[in-house]
Structures are given as C-alpha cells and as structure tokens.
K.L.:
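The structure that follows is given in the form of structure tokens.
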Amino acid sequence: MEKEKLKLPNVTLAAMTSVNLYETIQALEYSMQDIEFGDVVLITHRRPLFLPKNIHYKHTSKLKNIDDFNYKMVYELTNYIDTDYVLLVHYDGFVVHPESWQDAFLDYDYIGSPWPLPENDYAYRDSKGQICRVGNSVSIRSKRLLEFPGKAHLKWEKMEDGNYNEDTFLCCKYKNVIEEAGMRFAPIEIAKYFGHEHMIPEIMDVGAPFLFHKWRGRNEQYPMFVNPWKVRWQKTKDVIRPLLFWRKEQNHDL
C-alpha cells in the first residue's frame, strides 16, 4: 500500500538561483517525495531544458552575485508566491525528514534553523540589542512577511559585517519592526525541530529535523547531488590540462 503524502496546500516549495540548477532541481524533487505542496516553483533566469513538469518555471533576471540574490529574496520573492506560505530550499539545504513535520511550524511568519550565540558584540542582534537565535535562508516564510519589506519601505543596506544578508536583515535588523506589525518569529524551542545548520548544543537532542542546511557535523549524512555533466567536464579538463602544460613547456624550450 502506497504511503499517503503529507498535504500542505497552503505552502509553495520554492528555490531561487542562477547557479547549480541541476542540483537545485534535485533538491526540490527530493523535498517533494512525501509531500504534496500547493505549488512548486524554480525562480531563475532561463528555463532549464531538464525541468520536470511538476516544477513550475518562474522568470527573474540573472542573479549575477550573492547581493542580487539577497535583494531579490527580500523585495521580489513575494511576486512569485501565491500561497499563504513559502518553503525555501537550496541545493545544499532541503527537506530530509518529512515525517518530522509539525503543523506548529505554520504558527509563525518566519521559521528557520537555530543560530549559534554570537562571538562578538554586534552579530545576530535586533535593533534593541537582543540576541536573535533563529533565522537562516532555508526557511518557511508567510506571504505577509514577504510583502512587508516593500510595503513598509524597509531601507536596503549592509549589515554590520559589511555584507548584505537577507536572513539577518529580516530576522535581526528589522525583526522588531516586523514584530510590531503583528508578525512572529519562531523560538529556538520550535526551530530546532524544523531545521539544523550549525551543530550547537540546543539542537543535539533532535536526531531527525524536518530539513537541513549545509553539510557539516551530523548534516554530512544527507544527500549531496552532483551534476554528471560537471563531473564529465572536470574529468576532461583534468586530461587536457597536463597536455596544455606540456605543450607550453615544449614551446618554451624552442
């Protein structure tokens, strides 16, 4: 008897990228194995020829760097999501334990993996100086949270470390403003069941999180998808490179 899938009709499974497309599609498909989402979308600059029919292509201009990605995640992601929530995954972070789903995850407007305690006096802090323990790009976000940065005209600026980071922008820098608008961020006591990225003490009593991000610590057990064409091209380069070097040496000796 076929196992009945978990049904999440008010959640869109989504990924936004212009790189590692093959691996990202594999991550989407893996996340869909035992879950029926309201929609599944790949947001990228060109429709991949190998895109499965059950994943919908949504167009965006090419993400030329990580700053493009961060900006679009904050201000443009809402344009591609029609459900109440979005579950964002990456090629290196996706659903691995669908059986660990909790309906309580949807009680919040943002839930991601727990963050470690900061090692300085400015990181992972909100505007009031309080330490933020939950964030991460691989996350569930509500549609109203997606809409908020544009509606509230939140100023796009670098974080204290000199970088643009969309998750700390939302979960730290503007956390208080978002909460004042009536939205909620998941506490670490719930988030530890949702996802794991950093191997911190607070998550160690949870052996099977709903999803993961980054292959570190216990997360190394989870699948790592490899584009076979990249492997073949690398093997070709490994063969050609010594020949080119030899030829260069020969010409130098003449």
K.L.:
Minimum heavy-atom separation for Pro118 to Ala123, with atom names?
P.N.:
CB-O, 3.4 Å

K.L.:
For the residue pair Lys143 and Thr78, confirm or rule out a side-chain donor-acceptor distance under 3.5 Å.
P.N.:
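Thr78 and Lys143 do have a side-chain donor-acceptor pair below 3.5 Å.
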
K.L.:
Strictly below 4.0 Å, N to O, side chains only: are Lys72 and Glu166 in salt-bridge contact?
P.N.:
no

K.L.:
The test is salt bridge (Lys or Arg N to Asp or Glu O under 4.0 Å); show your working for Arg144 and Asp84 and say whether it passes.
P.N.:
CA-CA 8 Å; Arg144 63 177 179 167; Asp84 295 331; over 6 Å; no

K.L.:
In sequence, state the C-alpha distance, the side-chain angles, and the governing distance for Asp167 and Trp115, and then conclude on side chain to side chain contact (heavy atoms under 4.5 Å, CB included).
P.N.:
CA-CA 11 Å; Asp167 53 349; Trp115 278 332; 3.7 Å; yes

K.L.:
Identify which one of His45, Lys64, Arg46 satisfies the side-chain hydrogen bond (donor to acceptor under 3.5 Å, both in side chains) criterion when paired with Ser18.
P.N.:
His45

K.L.:
If I take atom CD from residue Glu23 and atom OG1 from residue Thr17, how far apart are they, to the nearest 0.5 angstrom?
P.N.:
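So the CD of Glu23 and the OG1 of Thr17 are separated by 9.5 Å.
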
K.L.:
Under a plain distance cut-off of 3.5 Å, with no hydrogens placed, do Ser127 and Asn176 share a side-chain donor-acceptor pair?
P.N.:
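Yes.
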
K.L.:
Will you find, in the side chains of Ser137 and His90, an N or O donor that is under 3.5 Å from an N or O acceptor?
P.N.:
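There is such a pair between these side chains.
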
K.L.:
Decide, yes or no, whether a salt bridge links Asp107 with Arg184 under the criterion of side-chain N to carboxylate O below 4.0 Å.
P.N.:
no

K.L.:
Please determine whether a side-chain nitrogen of the Lys or Arg among Asp92 and Lys214 lies less than 4.0 Å from a carboxylate oxygen of the Asp or Glu.
P.N.:
yes

K.L.:
What's the spacing between Ile66 CD1 and Met73 CE if we round to 0.5 Å?
P.N.:
9.0 Å

K.L.:
Drop me the distance from Lys175's NZ to Arg125's CZ, to the nearest 0.5 angstrom.
P.N.:
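Lys175 NZ to Arg125 CZ: 13.0 Å, rounded to 0.5 Å.
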
K.L.:
When Ile, Leu, Val, Met, Phe, Trp and Tyr are grouped by side-chain heavy atoms lying under 4.5 Å apart, directly or through other members, which residues fall in the same group as Leu145?
P.N.:
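Noted: Leu145 shares its cluster with Tyr71, Val74, Tyr75, Tyr110, Phe148, Leu154, Trp156, Met159, Tyr164, Phe169, Leu170, Tyr174, Val177, Ile178, Met183, Phe185.
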
K.L.:
Quick one: list whatever passes ring-ring contact (aromatic ring centres under 6.0 Å, His included) with His56, sequence neighbours left out.
P.N.:
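Partners of His56 by the ring-ring contact (aromatic ring centres under 6.0 Å, His included) criterion come out as none, since no residue qualifies.
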
K.L.:
Give me the one residue out of Phe94, Tyr22, Tyr91 that meets ring-ring contact (aromatic ring centres under 6.0 Å, His included) with Phe225.
P.N.:
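Filter result, single survivor: Phe94.
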
K.L.:
Would you call Asp68-Lys62 a salt bridge at under 4.0 Å N-O?
P.N.:
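A salt bridge is absent here (no side-chain N lies under 4.0 Å from a carboxylate O).
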
K.L.:
May I have the step-by-step check of side chain to side chain contact (heavy atoms under 4.5 Å, CB included) for Leu211 and Leu87, ending in yes or no?
P.N.:
CA-CA 10 Å; Leu211 55 75; Leu87 168 57; 3.8 Å; yes

K.L.:
Quick check: does any side chain N or O of Trp215 sit under 3.5 Å from a backbone N or O of Pro223, one acting as donor and the other as acceptor?
P.N.:
yes

K.L.:
Quick one: which of Tyr193, Phe212, Phe194, Tyr222 gives a ring-ring contact (aromatic ring centres under 6.0 Å, His included) with His97?
P.N.:
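Looking at Tyr193, Phe212, Phe194, Tyr222, the match for His97 under the ring-ring contact (aromatic ring centres under 6.0 Å, His included) is Tyr222.
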
K.L.:
Residues in side chain to side chain contact (heavy atoms under 4.5 Å, CB included) with Glu160, at least two apart?
P.N.:
Tyr122

